[in-house]
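We count residues from 1, following the sequence as given. Computation of the quantities below employed the complete heavy-atom set of this structure, encompassing side-chain atoms and omitting hydrogens, waters and symmetry-equivalent molecules.
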Amino acid sequence: MVSAVDRIRRSQLDSRVEGYMLDELDMLKNGMNAMAMSLSAYHEELQQNID
């Protein structure tokens with residue numbers, strides 16, 4: 001999970017947290033993946049506005 005967060009921090013927005021996790025960690029994993037997807041979509045939208 002830490003390495004995925006670091007990759008997202010470095011703008012590798014296609015990174016995802018994978019694997020089976022229990023309870024709160026699974027919720028955290030899902031939230032981080034949703035955040036990365038939203039950031040990626042926002043980044044693409046901004047890039048289209050620039051072009």
Can you give me every donor-acceptor pair (side chain of residues 19-30, partner residue at least two apart or in another chain, under 3.5 Å) with its distance?
from: Asp26; atom 1: OD1; to: Lys29; atom 2: NZ; distance (Å): 3.2
from: Lys29; atom 1: NZ; to: Gly19; atom 2: O; distance (Å): 3.0
from: Asn30; atom 1: ND2; to: Asp26; atom 2: O; distance (Å): 3.3

Going through the distances and angles, do Asn33 and Met37 end up as a side chain to side chain contact (heavy atoms under 4.5 Å, CB included)?
CA-CA 6 Å; Asn33 289 340; Met37 289 182 349; 5.5 Å; no
So which atom in Ser15 and which in Ala4 form the shortest heavy-atom distance, rounded to 0.1 Å?
CB-O, 4.2 Å
Report yes or no: does Ser38 contribute a side-chain atom to a donor-acceptor pair with the main-chain N or O of Ala34 at less than 3.5 Å?
yes
Rounded to the nearest 0.5 Å, the CG atom of Leu39 sits from the CG atom of Asp14 at a distance of 12.5 Å
